[in-house]
Chemist: 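Here you go, one structure.
Here is how names work: the chains are called A, B, and so on, in the same order as the sequence lines, proteins then strands, and each is numbered from 1. Because the structure is predicted, anything quoted here is derived from the model rather than measured.
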Amino acid sequence: MIERTSIAKLSEFAEQKVTICGWTEKIRDQKTVQFIVLRDETGSVQLVREKVEGDSVCSTISDLSTDSVVQVIGVVKIDPRVKLGGLEVQIEDVVVLSKADPIPINEETSLDKRLDWRFIDLRSSRNRLIFEVQTELERSYRTTWEEEGFIEIHSPKLMGAASESGAELFRVDYFDTSAYLAQSPQFYKQMAMAAGFGKVFEIGPVFRANPSFTSRHDTEFTSVDVELSWVDSHEDVMNFEQHLLSRMLKDISDKFKDEIQSMFGVDVVVPKLPFPRIKLADAIEIVERSGHKIERTDGDLDPEGERRIADYVLKEFGHQFVFLTDYPATVRPYYHMRHAEDQTLTKSFDLVWKGLEITTGAQREHRYDILVNQAIEKGLELPPLQFYLDFFRYGMPPHGGFGMGLTRVLMILLGLKNVREVTFLYRGPNRLTP
RNA sequence: GGACCUGUGGUGCAGCUCGGAGUGCACGCCGGCCUGUCAAGCCGGAGGUCGCGGGUUCAAAUCCCGUCAGGUCCGCCA
C-alpha cells in the first residue's frame, strides 16, 4: 500500500511531513502562489506552493487538470486564513499518478447523463454518503437479525419456473433449455421454513421484466427478504418489521443525522412503535372521502391513494409509516393466507412510507390442500409448481414474511425522487450500461 | 402497453407563439493578467450539421409531417 495520511486526519499532523493522495478538485494557479484543493475518500484539503521561476514542482502543478489523481508530499500547517478546515499542506513534491481528461459532467448535469458517467458522478461526497448510509442500513439490519437468531440464506437467481408474484420474468438461455431470473426469493425462503431454519433473511438481487417507466422501478434491484416460522398471524410479521425499521432509523440517525440534513435537507425521524395499521378497505374509504376517485376496479389503492393515506396518517397520528392490511384475495397471490372468518380477505399487508409502498408481506398459507386449492382458483398450472408445493407436504410450520425494496427505502430515507440516484448502477428497460 | 413532455457547443438553459445570418446567458475548457486564493477575480479565445429525414417558404432552431433517442406520470410492483 502507498503509505499515506487520510485527509480527515491531517489536523493530527501539524508541522509534520505527510503523504496524501487523491483527486485534484480545484487548481488555482496564480502569479506568485498556487493552490490545489485535493479530495480523497475522507474529505478535501487545500494544498499550497509558492511559485518560483523554473521550479519543476510549480510547472507540474500548472499542467494539472481537474480530477487528476496525484500523490503529494508536504508539511501540514495550521492556518486560520484557510476556509477549508483551517489548515493546508505546503507542497514539497507532486507526483501525477493519473492525468484526467476534461470531465464531461458537472453538478448541473441531468440524471440520465450523469448515469452514463456514473463513476465520476459517484465521486461527490453527496453520492458517497448515499452508499455510506446504505452500508449502515444493512449493518443495522444484520445486527437485529443476529440478535434474533436469524439465518442468512443465498437463494439461486436462476430458476426453472416462475416464483409467481405477477411480475414478468426474464428468460435466459440455459444449455439446451431455458431458465428464468428470479423475481423474488419467495419460494426458497419458504423452503427454509420447511427445512426448519426458523427465521431467515436474504439481501440479494431480484429481476423484473416489466417495462416500467417510473422513478421507483428498475428491472434489477436489491431486495431485503425476511421469513419467520411460528407466527400467529401477519401481525407478528408486521411487529418484526417495524422493530427492524425503527432500529435501523435510530442507527442511521445516530451516525448520519447531521450529514443527511446538510446534504439532502431531510430530517431522519426515528419512528414510534407501533406503526399505525389501517385495513385496506378503510384506507380506500378515507382516500375517497378526501376527494380522490380511485379509477382502478380491482380493489387496490393507486399511487395517489397511497400518498393521500400517508398524508392522512401523518396528520392524524403524526407517523410517517402506515401498514395497510387485509388486502382482498383478488389482488394477492395464492400463497397468502386468508382470514378464517372471511375468505375474501388475506392476512397480508403493504407498508407505505411517506406515500411510497416499500414492502409487501403476509402470513403464508402453510396447509397443503388449501394452498393447492387457492392456486387452482387463480388458474395456475400445478405441475411446474409441484417442487414448491412439495415443501408443504412433509411438515411445514405456520410462517410469514415480507420483501422490502432496498432502493425504495434509501430513496425515501434521503428524500430523493428517483431510485436511480440510490442504485450503484441502475438497470431499467432502457439502460444496461455502464 | 397508454398519456404527456423534452432533444440547441463538454454541461445547464434561453431563443420557437409572431420564420429573417447560429443570436444570448451561466458553468466548464484553453491562453493571458493578478503577492493567499478559497463559489477567486479581470481580459481574451476555442468549441454547434439547433437529434435525424422530408415538406411549406425567397428564407426554418422556429411552422407542418414522419422518425429516432430520452424523461415524467399511469398500468405492473418492492
Chemist: State which of B:C74, B:C76, B:G71 makes the closest approach to the side chain of A:R307.
Modeler: B:C74

Chemist: Closest-nucleotide mapping onto RNA chain B: is A:V48 or A:E306 further toward the 5' terminus? I mean the 5' end.
Modeler: A:V48

Chemist: Check this one for me: any side-chain N or O of A:S215 less than 4.0 Å away from OP1 or OP2 of B:C73?
Modeler: yes

Chemist: Suppose we call two aromatic rings close when their centres sit under 6.0 Å apart. Are A:F207 and A:F170 close by that rule?
Modeler: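 Here the rings of A:F170 and A:F207 have centres that are no less than 6.0 Å from each other.
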
Chemist: Would you say the side-chain atoms of A:Q186 and A:Q190 include a donor-acceptor pair closer than 3.5 Å?
Modeler: yes

Chemist: Show, in sequence, the C-alpha distance, side-chain angles and deciding distance for A:D112 and A:R431, and conclude whether the salt bridge (charged side-chain N to carboxylate O under 4.0 Å, His left out) test is met.
Modeler: CA-CA 10 Å; A:D112 195 54; A:R431 184 172 286 278; 3.1 Å; yes

Chemist: Taking both distances under 3.5 Å as the test for a Watson-Crick or G-U pair, what stems of at least three pairs does RNA chain B have?
Modeler: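 So the stems come out as B:1-7 with B:68-74, B:10-14 with B:23-27, B:29-33 with B:41-45, B:51-55 with B:63-67.
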
Chemist: Tell me: CG of A:L410 to P of B:A78, nearest whole Å?
Modeler: 18 Å

Chemist: Residues of residues 419-434 of chain A with any non-hydrogen atom less than 4.0 angstrom from an atom of RNA chain B: list those, numerically ordered, please.
Modeler: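 Per residue number, the list reads A:R420, A:N430.
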
Chemist: For B:G10 and A:K113 - does any side-chain N or O of the residue sit under 4.0 Å from the phosphate oxygens OP1/OP2?
Modeler: no

Chemist: Strictly below 4.0 Å, heavy-atom distances to any atom of RNA chain B: list the hits from residues 50-63 of chain A, or just say none.
Modeler: A:E50

Chemist: In whole angstrom, give the distance that lies between atom CG of A:L356 and atom C1' of B:C73.
Modeler: 14 Å

Chemist: A:R114 CZ to B:G70 C1': how many Å, rounded?
Modeler: 15 Å

Chemist: Can A:F35 be said to stack with the base of B:G36, given centres closer than 5.5 angstrom and planes under 30 degrees apart?
Modeler: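 Ring-base stacking flag not set for A:F35 and B:G36.
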
Chemist: For A:D302, answer base if it contacts any base atom (sugar-phosphate contacts may also be present), sugar-phosphate if it contacts only those atoms, and nothing otherwise; contact means non-hydrogen atoms under 4.0 Å.
Modeler: sugar-phosphate

Chemist: Is it true that A:E168 and A:R208 make a salt bridge, defined as a side-chain N closer than 4.0 Å to a carboxylate O?
Modeler: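 The answer is no: the pair does not qualify as a salt bridge.
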
Chemist: Can you tell which of B:C73, B:G12, B:G36 lies closest to the side chain of A:F213?
Modeler: B:C73

Chemist: Please list, by residue number, the residues of residues 267-288 of chain A whose heavy atoms come closer than 4.0 Å to an atom of RNA chain B; answer none if no residue qualifies.
Modeler: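 Going residue by residue through residues 267-288 of chain A, none turns out to have a heavy atom under 4.0 Å of RNA chain B.
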
Chemist: Contact class for A:D218 vs. all strands (heavy atom < 4.0 Å): base, sugar-phosphate, or nothing?
Modeler: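 Result for A:D218 = base.
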
Chemist: Is any side-chain nitrogen or oxygen of A:T214 closer than 4.0 Å to OP1 or OP2 of B:U72?
Modeler: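 Answer no for this pair, as no side-chain N or O of A:T214 is under 4.0 Å from OP1 or OP2.
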
Chemist: What nucleic acid atoms does A:I358 come within less than 4.0 Å of, heavy atoms only: base, sugar-phosphate, or nothing?
Modeler: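 The residue A:I358 makes sugar-phosphate contact but no base contact.
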
Chemist: List, one per line, each side-chain donor-acceptor pair under 3.5 Å for residues 5-13 of chain A, sequence neighbours excluded.
Modeler:
none

Chemist: Starting at CD of A:Q46 and ending at P of B:A39, how long is that distance when rounded to a whole Å?
Modeler: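 That distance rounds to 10 Å.
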
Chemist: If we ignore hydrogens and angles and just use 3.5 Å, is the side chain of A:D302 paired with the main-chain N or O of A:G305 as donor and acceptor?
Modeler: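 Yes, because the side chain of A:D302 sits within donor-acceptor range (under 3.5 Å) of the backbone of A:G305.
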
Chemist: In terms of heavy-atom contacts, does CZ of A:R171 have more than 12 from other residues, nucleotides or ligands at under 6.0 Å?
Modeler: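 Not buried by this count: 12 neighbours or fewer within 6.0 Å.
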
Chemist: Could one point to a donor on the side chain of A:S212 or the base of B:C76 with an acceptor on the other under 3.5 Å away?
Modeler: yes

Chemist: Has A:E146 got more than 12 heavy atoms of other residues, nucleotides or ligands less than 6.0 Å from its CD?
Modeler: no

Chemist: Search all heavy atoms of A:I130 against all heavy atoms of A:L410 and return the closest pair with its distance.
Modeler: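 In terms of heavy atoms, the two residues are closest at O-CD2, 4.1 Å.
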
Chemist: What's touching nucleotides 24-29 of chain B from the protein side, N or O pairs under 3.5 Å?
Modeler:
unit_1, atom_1, unit_2, atom_2, d
B:C29, OP1, A:T66, OG1, 3.2

Chemist: If we check salt bridge (Lys or Arg N to Asp or Glu O under 4.0 Å) with A:K189, which of these qualifies: A:E202, A:E227, A:E152?
Modeler: A:E227

Chemist: Quick one about A:Q46 and A:R81 (side-chain donor to acceptor, distance below 3.5 Å, no hydrogens or angles considered), yes or no?
Modeler: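 Checked: A:R81/A:Q46 side chains show no N/O donor-acceptor pair below 3.5 Å.
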
Chemist: Do the side-chain N and O atoms of A:T143 and A:R139 include a donor-acceptor pair separated by under 3.5 angstrom?
Modeler: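 Yes, side-chain donor-acceptor contact under 3.5 Å.
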
Chemist: So what does A:N418 touch, heavy atoms closer than 4.0 Å: a base, only the sugar-phosphate, or nothing?
Modeler: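 Contact class for A:N418: sugar-phosphate only.
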
Chemist: Suppose we call a contact any N or O donor and acceptor under 3.5 Å apart; does that hold for the side chain of A:R408 and the base of B:C77?
Modeler: yes

Chemist: Would you tell me if any nitrogen or oxygen in the side chain of A:Q30 comes within less than 4.0 Å of OP1 or OP2 on B:C33?
Modeler: no

Chemist: Classify the side-chain pair A:T19/A:K17 by whether it contains a donor and acceptor separated by less than 3.5 Å.
Modeler: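 No, no side-chain donor-acceptor contact under 3.5 Å.
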
Chemist: Nearest to the side chain of A:K83, which nucleotide is it out of B:A39, B:A78, B:C76?
Modeler: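 So the nucleotide nearest the side chain must be B:A39.
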
Chemist: Going by the side chain to side chain contact (heavy atoms under 4.5 Å, CB included) test, name the single residue among A:F256, A:F131, A:Y141 that passes it with A:E136.
Modeler: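 When A:F256, A:F131, A:Y141 are each tested with A:E136, the side chain to side chain contact (heavy atoms under 4.5 Å, CB included) holds only for A:F256.
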
Chemist: Over all strands shown, is A:E88 touching base, sugar-phosphate only, or nothing at heavy-atom distances under 4.0 angstrom?
Modeler: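 Contact class for A:E88: base.
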
Chemist: Looking across every strand, which nucleic acid part, if any, lies under 4.0 Å from A:V206 by heavy atom: base, sugar-phosphate, or nothing?
Modeler: nothing

